[in-house]
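Quick notes on the structure that follows.
Note that the structure is predicted; figures quoted are calculated from it, not measured.
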Amino acid sequence: MPRIASVSFAVCRVPLDKVTSFSTRTVSAREYCLVKVTSDDGIEGIGFCYGGHRAARIVAVAVEDLLAPLLIGEESLEVERLWETMYRAALLHGRAGSVMRAISILDNALWDLNARSVGLPLHHYLGSAANGSVAAYASGGYYVEGKTNEDLATELAGYVADGFDAVKVKVGQGDPRAEGERLRIAREAIGPDVLLMLDANNAWDDLPTALAYMREFEPSNPYWIEEPFSPDDIDNHARLATLTPVPVATGEIEAGRWRFKELMEKEAAQILQVDACVCGGISEFRRIAATAASYGLTLSPHWFHDLHVHLVAAFPNARYVEFFPDDQVLNFRRLVGTQLECRKGRLALPTQPGIGFDFDEQAVRKYDGVWAKAGV
């Protein structure tokens with residue numbers, strides 16, 4: 001059985017070409033933590049996560065000082081045992097946030113390594129429930145200085161022309177009436193049959209404010225309202241879910257099966273946006289997906305389409321991959337050597353072993369990434 005010989009890590013800072021805004025924050029650059037886990041037979045698995053627009057070094061410290069030393073010399077196939085070892089070691093340092101992201105990227109690298117070791121694409125290694133391709137929605141509609149409602153309409157219409165039957169836009173930055181008009185124009189641009197997802201990025205602090213916006217949004221027939229409140233405000237998510245016909249979606253920065261169980265028990269979300277680079281890795285994603293299936297809930301994972309294409313393919317209750325058609329927002333795309341193939345709103349499943357791509361080493365260096373070995 002293969003044993004883990006080394007763990008390497010790097011941090012890259014990738015500037016955005018255009019400063020981009022959400023309802024609550026503005027981003028000019030993104031930082032990513034990357035890892036490589038190498039077995040004693042020379043096979044390499046990779047993991048990665050978004051470390052925020054600054055201080056991704058916190059994730060790297062957790063990899064280097066806390067977690068990687070626990071993996072060296074261990075059998076890579078014993079993923080569940082290694083997950084428990086890392087989780088228990090992290091109890092005093094943080095069961096969410098940067099430390100759980102560090103667990104996630106190492107766990108994902110182990111799954112990638114093991115799939116590559118037997119020559120299978122990751123989705124096949126996990127037990128595919130899809131054949132050939134999976135559905136995706138085009139994620140866009142960001143706030144950019146000078147961008148008009150007409151510009152937004154042109155953007156969304158372009159996604160539909162490319163074959164997408166679902167698109168997502170940001171909401172919550174303007175006042176309710178202005179935002180309602182923005183969505184009316186968006187709906188007009190895409191037509192009545194295309195799904196329109198809304199992402200509020202934790203815009204609202206209280207239920208009356210959220211309801212004021214939702215009254216303006218509901219005539220545009222949204223498919224979901226995403227992250228209306230702080231992720232810690234589960235009760236208001238549940239209250240809103242009972243007061244609007246628009247399904248509530250959340251979970252993109254939740255960590256661990258226990259928080260997701262609370263979301264399910266309180267009926268605070270009808271769609272779970274589990275991110276395998278955040279929640280605890282593929283190992284924890286599997287547990288969350290299985291629990292969600294027993295509640296009759298679907299998953300549409302957040303971000304990183306390069307990874308989540310495999311997970312949407314592997315779980316019957318996963319519906320959509322969030323796909324970014326260009327590298328302007330999800331600029332992690334600049335760090336990888338192979339891009340997914342998208343045809344008429346569907347992503348072709350990778351056929352290469354493991355996750356199906358490697359890091360572009362020239363790009364890693366360009367964005368200040370320097371590989372260092374952990375646990376030595």
Side-chain angles (χ1 to χ4, degrees), residues 32 46-50 108 111-112 115-116 120-142 155-169 190 193-197 199 223-224 226 249 251-252 271-279 281-282 285-286 289 292 298-360:
Y32 302 96
I46 65 171
F48 45 87
C49 79
Y50 175 48
N108 293 344
W111 282 98
D112 182 37
R116 293 185 194 227
L120 289 176
L122 181 58
H123 59 91
H124 275 155
Y125 187 71
L126 291 167
S128 276
N131 184 18
S133 66
V134 294
Y137 68 85
S139 193
Y142 286 82
E155 175 191 350
L156 300 181
Y159 298 148
V160 175
D162 288 339
F164 288 95
D165 64 4
V167 300
K168 188 166 83 177
V169 301
I190 64 176
D193 299 325
V194 173
L195 298 183
L196 178 61
M197 291 90 158
D199 188 358
Y223 180 62
W224 74 47
E226 179 177 335
E252 68 179 58
I271 297 158
L272 300 178
Q273 298 172 299
V274 192
D275 188 331
C277 298
V278 175
C279 73
I282 293 169
F285 187 103
R286 295 167 77 210
T298 58
L299 280 63
S300 288
H302 165 254
W303 253 47
F304 287 120
H305 50 240
D306 306 277
L307 170 62
H308 290 131
V309 65
H310 293 276
L311 301 187
V312 169
F315 295 93
N317 62 323
R319 181 170 186 188
Y320 277 109
V321 178
E322 180 174 17
F323 182 69
F324 292 82
D326 57 43
D327 63 2
Q328 295 307 297
V329 176
L330 183 60
N331 57 14
F332 174 78
R333 296 185 62 163
R334 301 180 189 182
L335 298 176
V336 303
T338 303
Q339 304 298 327
L340 292 178
E341 181 183 352
C342 185
R343 293 181 181 175
K344 296 182 178 180
R346 297 188 66 84
L347 297 176
L349 295 177
T351 57
Q352 300 87 349
I355 198 171
F357 67 87
D358 293 300
F359 298 126
D360 180 335

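For His308, the ring pair (Phe, Tyr, Trp, His ring centres under 6.0 Å) criterion is met by no residue, not counting sequence neighbours. Legend: residues meeting ring pair (Phe, Tyr, Trp, His ring centres under 6.0 Å) with Phe315, ordered by chain and number and at least two apart, are Phe285.
With Gln273 as reference, Glu226 is the one residue of His302, Glu322, Glu226, Glu252 to meet the side chain to side chain donor-acceptor pair (under 3.5 Å) rule.
With hydrogens and angles ignored, the 3.5 Å screen pairs a side-chain donor or acceptor of Asn108 with a backbone N or O of Ala276. Of the possible donor and acceptor atoms, one in the side chain of His310 sits under 3.5 Å from a partner among the backbone N and O of His123. Between the side chain of Asp360 and the main chain of Arg334, no donor-acceptor pair closer than 3.5 Å is present. The main-chain N or O of Thr298 is never found under 3.5 Å from a side-chain atom of Arg319 such that the two would form a donor-acceptor pair.
Between Ile271 and Leu299, every side-chain heavy-atom pair lies at or beyond the 4.5 Å cut-off. At a threshold of 4.5 Å between non-hydrogen side-chain atoms, the residues Cys277 and Trp303 do not count as touching. Side-chain contact between Tyr32 and Asn331 is present, with at least one heavy-atom pair separated by less than 4.5 Å. Counting heavy atoms from C-beta outward, Tyr137 and Leu195 have side chains that stay 4.5 Å or more apart.
The aromatic rings of Phe357 and Phe48 are tilted relative to each other, their planes meeting at an angle between 30° and 60°. Between Tyr223 and Tyr320, the ring planes are perpendicular. Angles over 60° get that label, and only those under 30° would be called parallel. Aromatic ring pairs are classed by plane angle as parallel below 30°, tilted from 30° to 60° and perpendicular above 60°; the pair His305 and Phe324 is tilted.
Around the CG atom of Asn131, the shell of radius 6.0 Å holds no more than 12 heavy atoms that belong to other residues, nucleotides or ligands.
Distance CZ/Phe359 to OG1/Thr338: 12.0 Å, rounded to 0.5 Å. The distance from atom CD1 of Ile190 to atom CG of Asp165, rounded to the nearest 0.5 Å, is 10.5 Å. Note that CG of Leu349 is 9.0 Å distant from CG of Leu340, once rounded to the nearest 0.5 Å. With values rounded to the nearest 0.5 angstrom, Asp199 atom CG is found 7.0 Å from Ser139 atom OG. In this structure, CD1 on Ile282 lies 8.0 Å from CG on Asp112, to the nearest 0.5 angstrom.
When ring centroids are compared, Phe332 and Tyr50 stay outside the 6.0 Å threshold.
Each salt bridge (charged side-chain N to carboxylate O under 4.0 Å, His left out) pair with one or both residues in residues 306-318, not counting sequence neighbours, would appear here, but there are none.
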